[in-house]
Amino acid sequence: MAAETASVPATSAPAETERLRLAKAAIRRGKLRTRWLLLSPALLTIVLVGLLPLSIILVYSFLEPGTYGGVRWVFSTDAYVQFLFERDLFEDTLTFNPAYLEIFWRSVELALLSTVGSLLIGFPTAYFIATRPPSRRNLWLFLITLPFWTNLLIRTFAMMLILRDEGVINIILMKLGLIDQPLVLIYTDGAVFLGLVYSYLPFMVLPIYAALEKLDFRLVEAAYDLYATRGKVLRHVILPVAKPGLVAGCILVFVPGLGAYITPELLGGGKSLMIGNMIAIQFGNSRNWPFGSAASLILMAIVLVALLVYVRYAGRRRGHG
Amino acid sequence: MADRTLQTTAPGGKPAGRRPFDLKRQTGFSEIAWFCLFVLYAPIAVLIVFSFNDNRSVTLWTEFSLRWYRSALNNQGIQNAAMISLQVGAVATLVSTFFATLAALATTRNERFRGEGLVYAVINQPLMIPEIVTAVATLALFALIKQLTGVGGIGYLMLAHTVFCIPFAYMPIRARLEDMNLTLEQAAADLYATPLQVFRRITLPLMMPGIVAGAMLAFVVSFDDVIITLMVAGPGETTLPIYIFGQMRRGITPETNAVSTLIVLLSVVLVALLFFFGKRRR
Amino acid sequence: MTGDGAAADRTAGRSDRAGAAAIEIRRVRKVFGSGQERAVVALDDVSLTIRDNEFFTLLGPSGCGKTTLLRLIAGFEQPTAGEILLFGSHLEHLPPHRRPVNTVFQQYALFPHMTVAENIGFGLMMQGRPKREIDETVRRMLALVRMDDLAGRRTDQLSGGQQQRVALARALAPHPKVLLLDEPLSALDLKLRKEMQIELKRLQHETGITFIFVTHDQEEALTMSDRIAVMSDGAILQVGTPREIYDHPARRFVADFIGEINILPAELLETREASGGASARVRLSSGQVRLARLPDGPVAAGRVNVAVRPEHAGLQPAGEGAALTGTLSNVVYFGTGTHYHLELDGPGGEGGRFVVELQNRLGAGADHAIGARLGILLTDGSLQVLCD
């Protein structure tokens with residue numbers, strides 16, 4: 001036994017052979033190079049065509065609008081001033097104009113309301129799916145995911161068919177004799193709200209389900225065993241587990257809702273303008289690119305705040321677990 | 001599990017009087033879930049039903065007919081738009097899936113590296129920024145480039161699509177690679193496979209379902225896009241969604257329903273394939 | 001030993017190599033991570049020679065470095081320092097696919113997108129052998145592991161035991177010079193494990209390939225191995241045949257890790273060389289003197305620990321001549337035998353505990369009552385002096 005170890009001359013092994021060290025360094029360098037080589041096509045594409053444009057609109061927001069779209073390379077903060085004030089062309093005075101502020105406020109309000117609406121439907125649905133037997137769960141998940149992959153434009157169009165003056169709801173109500181005149185449903189803020197809930201509902205259900213899937217129902221058993229009622233089990237056991245999913249779901253509904261374009265375009269009336277449409281208009285007919293750029297940046301700032309809230313919350317969770 | 005044992009305790013399967021206590025149940029939740037499903041599917045169902053309506057009306061049923069499908073398929077504008085959609089979708093799918101595959105190979109199966117978080121943030125960037133902002137910003141960039149170089153063409157639209165397709169292609173490929181057992185590659189190397197052979201014989205076949213899933217998602221996302229295309233597309237680059245968006249704003253006929261039904265069908269088939277194929281593989 | 005000769009007997013036939021060194025590990029050190037705090041020393045200056053045509057087992061608790069050593073031989077990890085030789089030629093700079101050794105992985109690592117036959121033929125295909133030869137070898141391997149009917153199956157349709165056999169056949173098919181087995185039986189249930197132990201022994205015998213087997217299961221190691229290396233904390237503590245390791249543990253860890261054992265304080269009186277190995281006269285705490293075997297290692301003079309297996313001790317009436325005396329505190333019946341737990345007499349009543357194992361005979365009843373005073377019978381040679 002000891003003879004085994006003693007049979008090796010003690011002088012034969014230096015601490016680390018030069019050959020080995022060089023080989024290892026070469027492998028490490030090679031791996032690093034390969035990794036960045038593999039990453040560069042995707043990263044370059046996204047940086048050049050995804051991130052670079054954002055810095056361009058940052059620059060544009062401090063320029064003057066060109067006569068037929070585009071910009072004139074003259075520094076100006078007018079794009080931001082224009083949010084709150086209207087410049088009188090003849091007297092060059094500024095008067096307070098809340099029109100754009102109202103659009104922003106309406107957008108935030110509609111996005112928030114549709115988030116709450118999705119939450120009220122989405123949470124019970126996610127919980128219901130999570131308590132199905134595993135075989136049935138997959139089918140439910142598939143049915144919830146499918147609309148998410150279906151063209152948003154077409155789904156909004158389907159909503160138009162429901163809400164129109166000659167739409168399904170009005171026809172049914174008139175056939176039943178409940179109303180004589182069609183109700184004004186479409187081209188209202190209410191229609192936009194319904195459209196947003198309908199569009200982004202899957203975004204709410206899926207993350208909540210993902211969180212609830214991990215719920216250990218022995219905890220629920222323990223809570224009932226310790227005299228909790230259904231309501232208390234929901235509040236003290238189920239909701240805390242679902243919380244990360246709830247937060248993620250709310251962000252996922254709020255952010256696209258805030259920047260929505262198709263929904264207000266098709267379901268909202270001329271008065272139900274949201275930020276998304278306003279930005280699109282600035283780059284289209286009304287052709288004030290700097291103002292559109294500034295509006296984009298403000299929209300991004302709001303989204304960023306929402307994401308920060310999420311990241312901070314997610315970070316805190318990780319600290320606990 | 002638990003609710004099954006509870007149900008079987010009721011004699012004859014039918015509880016007399018009160019429902020047996022199910023600890024997973026919450027009052028009203030099942031009704032809301034079914035309502036949620038109804039809300040999600042009823043409008044689509046209406047859309048599809050009225051695509052078969054003989055009448056010009058999109059909400060008053062008269063008689064079954066395929067005339068709107070015939071008229072849609074014979075519509076030169078729709079044919080052209082579908083062609084553009086397919087071209088843009090094919091290019092964006094191929095390029096973005098290829099790039100995403102490379103990126104997924106670099107970000108998995110390795111020890112963590114410095115800048116990893118930043119790499120993820122960049123790859124997912126198209127998902128984090130409101131689409132309308134991406135749309136106008138891309139428009140601004142392309143307008144600038146066109147002004148400077150005088151080069152135009154559909155390449156710009158394809159490039160814009162490629163960018164937002166990358167994260168969708170990346171996600172399933174990465175998930176697949178992360179699920180993959182690293183020992184398999186070691187086993188292959190142990191059995192005399194060179195690194196290239198390991199990739200060709202083991203890594204690539206095993207990540208193929210992820211690549212297919214990524215490509216399908218990328219195609220669906222590209223095919224469905226409205227906002228970015230609306231901003232970036234030049235004249236003669238009208239994709240199918242842009243074409244029917246125009247129809248919807250001008251005044252709708254069941255022809256729009258018919259085209260919409262076909263597009264929905266395409267997405268559903270692709271996603272259903274993906275969903276059930278993916279489940280079976282695991 | 002061939003020194004650092006790279007031109008060793010690469011071409012020598014098997015009969016000539018018998019007893020030659022298949023694997024030599026020379027002063028190998030492996031450190032994971034870097035920096036002062038995060039660095040973990042997995043292997044610390046390990047040297048070892050594994051002979052050709054040997055069933056060699058690396059035995060130790062998880063984290064002792066046995067799997068790391070195996071992965072160094074396979075080439076999945078590079079040593080921080082030291083040399084690894086295969087039949088005299090250096091291995092440490094070769095990538096895994098250029099080393100003529102194959103591994104059976106813990107979770108088998110069968111390729112899920114290939115059939116059983118394709119899995120088994122993979123190594124030969126990678127070596128670029130002709131298709132005829134591959135088919136022929138695959139057929140032979142399937143017969144060898146008794147899986148002839150399942151060649152076309154996908155690997156996820158196999159049971160655990162069948163997967164195990166495919167993994168073995170796959171690693172054996174290219175006829176490696178050394179087969180490395182990383183806890184291959186740990187995923188199987190007890191009955192299957194027993195079967196596979198015999199199967200592995202048979203395969204080793206039939207193929208004549210050197211097996212290096214990693215396990216944390218002492219019984220498995222004792223049953224199958226020609227020789228065992230017991231490892232702990234990145235070091236090899238003892239190398240020997242199963243009988244040597246079990247009957248004559250050199251270190252306290254080895255004695256504790258394998259089977260049950262009593263460890264007693266004693267005083268080393270005098271040592272003597274004999275043909276069967278060195279032995280020594282030791283005085284036990286009771287004052288009685290016995291002859292004990294010495295380990296092949298440095299032993300400090302004076303106070304030492306001696307070890308006695310429970311089945312090597314006996315019981316006798318308390319009183320003169322007994323090596324130790326104590327009070328019976330517990331009797332544990334376990335079918336083939338009975339354990340008698342004794343509280344030993346000692347200074348202040350703290351003599352420690354001693355377990356005696358006696359075989360059960362049919363019809364014999366319990367003959368000692370709890371609380372009885374008993375003497376412990378220790379014959380010369382049943383005691384083993386430990387190095388530490």
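Proteins come first, then strands; the chains are lettered A, B, ... in the order of their sequence lines, and each starts at number 1.
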- Honestly, the part of A/Ile56 sitting under 4.5 Å from a heavy atom of chain B is side chain
- Item | Least distance between heavy atoms, A/Arg155 atom then B/Leu40 atom | NH1-CD2, 4.4 Å
- Output yes when a side-chain donor or acceptor of B/Tyr41 lies under 3.5 Å from a complementary backbone atom of A/Leu143, and no otherwise. yes
- Using heavy atoms and a sub-4.5 Å threshold, report which of residues 289-299 of chain A line up against chain B, by residue number. A/Trp289, A/Ser296, A/Leu299
- Would you mind checking which part of A/Ile57 comes under 4.5 Å of any heavy atom in chain B, side chain (CB onward), backbone (N, CA, C, O), both or neither? side chain
- Task: For chain B, find which of A/Val255, A/Leu37, A/Leu307, A/Leu51 contributes the most heavy-atom pairs closer than 4.5 angstrom.
- Result: A/Leu51
- Can you say whether A/Leu201 sits under 4.5 Å from chain B via the side chain, the backbone, both, or neither, judging by heavy atoms? side chain
- Message: Give me the atom names and distance for the closest heavy-atom approach of B/Val226 to A/Ile262.
- Response: CB-CD1, 3.7 Å
- Item | A/Ile238 portion near chain B, given a 4.5 angstrom heavy-atom threshold | side chain
- Would you mind checking which part of A/Leu266 comes under 4.5 Å of any heavy atom in chain B, side chain (CB onward), backbone (N, CA, C, O), both or neither? side chain
- Per-residue contact mode, A/Tyr198 against chain B (heavy atom under 4.5 angstrom): both
- Message: Can you tell me which portion of A/Val220 sits under 4.5 Å from chain B's heavy atoms? Options are side chain, backbone, both or neither.
- Response: side chain
- Message: Only pairs of heavy atoms separated by less than 4.5 Å count here; which of A/Leu120, A/Leu58, A/Leu215, A/Ile154 has the most with chain B?
- Response: A/Ile154
- Message: For chain B, which candidate among A/Ile279, A/Ile121, A/Leu38 shows the most heavy-atom pairs at distances under 4.5 Å?
- Response: A/Leu38
- Item | Contacting moiety of A/Phe142, where chain B heavy atoms sit under 4.5 Å | both
- Of all heavy-atom pairs linking A/Phe128 and B/Ala33, the shortest is CD2-CB, 3.3 Å
- Can you see which heavy atom on A/Leu48 is nearest to which on B/Leu141, and at what distance? O-CD2, 3.7 Å
- Considering non-hydrogen atoms only, spot the tightest contact between A/Ala158 and B/Ile44 and give its length. CB-N, 4.0 Å
